[in-house]
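What's counted below: heavy atoms across the whole structure, side chains too, no hydrogens, waters or symmetry copies. Owing to the predicted nature of the structure, the values given are computational and were not obtained by experimental measurement.
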2 protein chains.
Amino acid sequence: MLAPQTEEAYRRLRRMILSLELRPGEPLVERKLEELLAVSRTPIRAAIQQLFREGLVQRTGRVYTVAPLDLAELEEAFEFRTWLETYVVRVAASRRPNARQLQELLASVEADLDPEIELEKATDFHLALAKLTGNRFVVASLAQVLQRIYRARYLEITRPQGADQALSDHLHLIELLQQGQAEAAAAFLQRHLERSREALLESLEGSILLGVRSS
Amino acid sequence: MLAPQTEEAYRRLRRMILSLELRPGEPLVERKLEELLAVSRTPIRAAIQQLFREGLVQRTGRVYTVAPLDLAELEEAFEFRTWLETYVVRVAASRRPNARQLQELLASVEADLDPEIELEKATDFHLALAKLTGNRFVVASLAQVLQRIYRARYLEITRPQGADQALSDHLHLIELLQQGQAEAAAAFLQRHLERSREALLESLEGSILLGVRSS
DNA sequence: CGAGTTGAGCTGGTATACCAAAAAGGGTAG
DNA sequence: CTACCCTTTTTGGTATACCAGCTCAACTCG
């Protein structure tokens, strides 16, 4: 979608931020990144703009820094998700997903050893559910909130059993959807998110990453 | 928030798009805009990127064009808004807004002769409502959908009585909120949006702007 | 006369030079 | 020793030069 160099810079920066290689609070100095990524400042600036818009990068004064993990933001994210996805699941269950849509859902519940890929798939699963509503704004809103809390979710999924729990939850949810059990699916999703939220908060508990302002 | 030249270019471009001065489908040629806006391509490119992310600008092949008005998108937007704002109003009514918050709401229901300002105020009103939930994702999602259908709303509000109807609706809604009548407020909002949707579709009916692909 | 080819000129993408403002560092005066 | 000021450096913002790919039109060859 973006220009090739910009896309590359964006993906590498995003990856470094999400995997916490670039720590929250760390300043993004364009001329350093120029050297690090071996591209000129132009695509780097475009990439930073993009990340800024997505909320992964913050601006404090004139300098761009990696956005800190924000506990309040996390709580708001889960409140919003719960409410959004509950709706999503109700709609999805009532409009029984067709074969192709089920395929897409199932494709995102394969186990994988790499936690980063696992997380991508979990994200895809929730977005595929949202797509079942046929409403692009639902999908866009969910995509935004998932992206925003990506780093915290990364911490959660790398815990022992972190990924397995999510996987089995997702599988069960698909079953409920197939059977058209809207209310059961909504209730189960709510529990799923509640569990996820608690595990995630626990992962963050005492994390040195919380509230770090600079490296 | 953005750099000054970029901000200026962004605002002017956005204004030209939203006011339909730049028609849907019209290509945005960087070197033409350079001349038109009297700034270099760098801030223009940044501004276009921003508009692209917001959905006001599309990419067809390698050229950026003003996004066409999309009837399906409009329907989805109203479906999403209705559902989102119904929730917003319920929450807002239950947590009776305080004086400062009411002030903010009331500030956005002053009549104005300029339809553009009127529309900004209507937008502010709905966003101020969303803020009452205290959830930044609710606000961000609503802001995005309102922005996305801004041009169609502009067409609606410039119709005779278009602005007055919205204004009196907003005033009534504030009253219901003050009285904490959550269900009545939610129901009224739903009617408000339904009216708005119909007026808007009527404005678009047969509009030459629908589906235009190039100038 | 028509189809294929070639080349000129747009266009967006990238690199880089330049600027102004802010931050950092050092030196001096009190 | 401290506080202030001045210089130097660093930084993001802007302008611009350069590049590669595509478009399209004109010309040539069959």
Rounded distance (Å) that lies between atom [atom2] of [N] and atom [atom1] of [X]:
X	N	atom1	atom2	answer
B/E30	D/dA15	CD	C1'	14 Å
B/Q5	D/dA15	CD	C1'	10 Å
B/K32	C/dG9	NZ	P	16 Å
B/E7	D/dT14	CD	C1'	16 Å
A/F52	D/dG12	CZ	P	14 Å
A/L37	C/dA15	CG	P	11 Å
A/E8	C/dT14	CD	P	11 Å
B/L33	D/dT14	CG	P	16 Å

Side chains of [X] and [Y]: do they bring a donor and an acceptor to under 3.5 Å?
X	Y	answer
A/Q5	A/Y10	no
B/R153	B/T123	yes
B/E54	B/Q50	yes
B/R14	B/Q147	yes

Practice prompt. Give the C-alpha distance, both sets of side-chain angles, the deciding distance and a yes or no for side-chain contact (heavy atoms from CB on, under 4.5 Å) between A/Q144 and B/S141.
Written response: CA-CA 9 Å; A/Q144 181 163 343; B/S141 299; 5.9 Å; no

Worksheet item: What nucleic acid atoms does A/I48 come within less than 4.0 Å of, heavy atoms only: base, sugar-phosphate, or nothing?
Response: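 If one applies the 4.0 Å heavy-atom cut-off, A/I48 turns out to touch nothing in the nucleic acid.
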
Worksheet item: Does B/R11 have any salt bridge (charged side-chain N to carboxylate O under 4.0 Å, His left out) partners at least two apart in sequence or in another chain, and if so, which?
Response: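 Testing B/R11 for salt bridge (charged side-chain N to carboxylate O under 4.0 Å, His left out), a comparison that skips the adjacent residues, returns none.
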
Can you give the donor-acceptor pairs under 3.5 Å from side chains of residues 113-122 of chain B to other protein atoms, not counting sequence neighbours?
from, atom 1, to, atom 2, distance (Å)
B/D114, OD1, B/E116, N, 2.9
B/E116, OE2, B/R15, NH1, 3.0
B/E118, OE1, B/D112, N, 3.0
B/E120, OE2, B/Y150, OH, 2.9
B/K121, NZ, B/E110, OE1, 3.3

Worksheet entry | First encountered from the 5' end of DNA chain C, between A/P43 and B/L28 |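 First, find each residue's nearest nucleotide; the 5'-ward one identifies B/L28.
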
Response to the item:
Given protein heavy atoms under 4.0 Å, the one-letter contact record of nucleotides 16-22 of chain D, with B base, S sugar-phosphate only and - none, is simply BBB--B-

Worksheet item: OP1, OP2 of C/dT11 versus side-chain N and O of B/R45: anything below 4.0 Å?
Response: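 False: B/R45 side-chain N/O out of range (4.0 Å or more) of C/dT11 OP1/OP2.
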
